[in-house]
Amino acid sequence: GGGIPIAPQADPQSGKLRLTLFPDWSRGYVLRHIPALYRGQFEKLGGTDIEIQDLSAHAEESVWIDVDGESKGTLPLKVTCLPGHLRLCY
């Protein structure tokens, strides 16, 4: 959100999802590193970016799910990318 290029390598035509994971950063840490985030350097700060087609996640405790900056509930979660089913407007 806000113009930060979280997954600039993502290809909407690939049939794959770009999953970006971040450590449990404090608010102060994020604020200090905003310039690096806007340059797309989240990997240098400990973030991870991978390409997937399916994802399943569960936890013993309650874990909130955040999708593009919006809270969507708690785990468990199953996501499958279906090629050609997502329409994007540029």
Side-chain angles (χ1 to χ4, degrees):
I4 297 175
I6 297 298
Q9 317 85 328
D11 177 4
Q13 306 302 318
S14 72
K16 304 280 184 176
L17 297 169
R18 228 33 218 202
L19 178 64
T20 305
L21 303 170
F22 297 96
D24 191 12
W25 292 337
S26 69
R27 181 171 288 181
Y29 184 88
V30 171
L31 291 174
R32 283 191 309 276
H33 293 91
I34 283 178
L37 292 171
Y38 273 97
R39 288 190 301 268
Q41 297 174 333
F42 63 90
E43 290 173 332
K44 291 182 180 179
L45 304 175
T48 302
D49 182 39
I50 59 174
E51 194 173 68
I52 61 171
Q53 187 159 2
D54 297 293
L55 169 73
S56 295
H58 60 89
E60 297 292 323
E61 59 192 54
S62 181
V63 176
W64 284 94
I65 300 165
D66 184 281
V67 177
D68 197 26
E70 296 185 27
S71 182
K72 295 296 182 183
T74 59
L75 294 181
L77 169 74
K78 179 166 175 64
V79 177
T80 301
C81 183
L82 301 172
H85 283 71
L86 181 62
R87 292 186 183 178
L88 300 177
C89 298
Y90 296 96

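Here the structure is a predicted model, which is why all the values come from computation and not from measurement. Counting begins at 1 with the first residue of the sequence.
- Under the 4.5 Å side-chain heavy-atom criterion for ILVMFWY residues, a single connected hydrophobic cluster contains both V79 and L21.
- Contact between T74 and S62 at its shortest, heavy atoms only, is CG2-OG, 3.5 Å.
- Going from atom CD1 of I52 over to atom CG of L17 covers 5.0 Å, rounded to the nearest 0.5 Å.
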Using atom types as modelled, flag every donor-acceptor pair under 3.5 Å from a side chain in residues 53-61 to any protein atom, sequence neighbours excluded.
residue : atom : partner : partner atom : Å
D54     : OD1  : T80     : OG1          : 3.1

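- Counting all heavy atoms, side chain and backbone alike, P83 lies closest to C81 at CD-O, 3.4 Å.
- Considering every non-hydrogen atom in both G73 and W64, the closest pair reads O-CE3, 3.1 Å.
- Between D11 and K16, none of the side-chain N atoms (NZ, or NE/NH1/NH2) sits under 4.0 Å from a carboxylate O, so this pair counts as no salt bridge.
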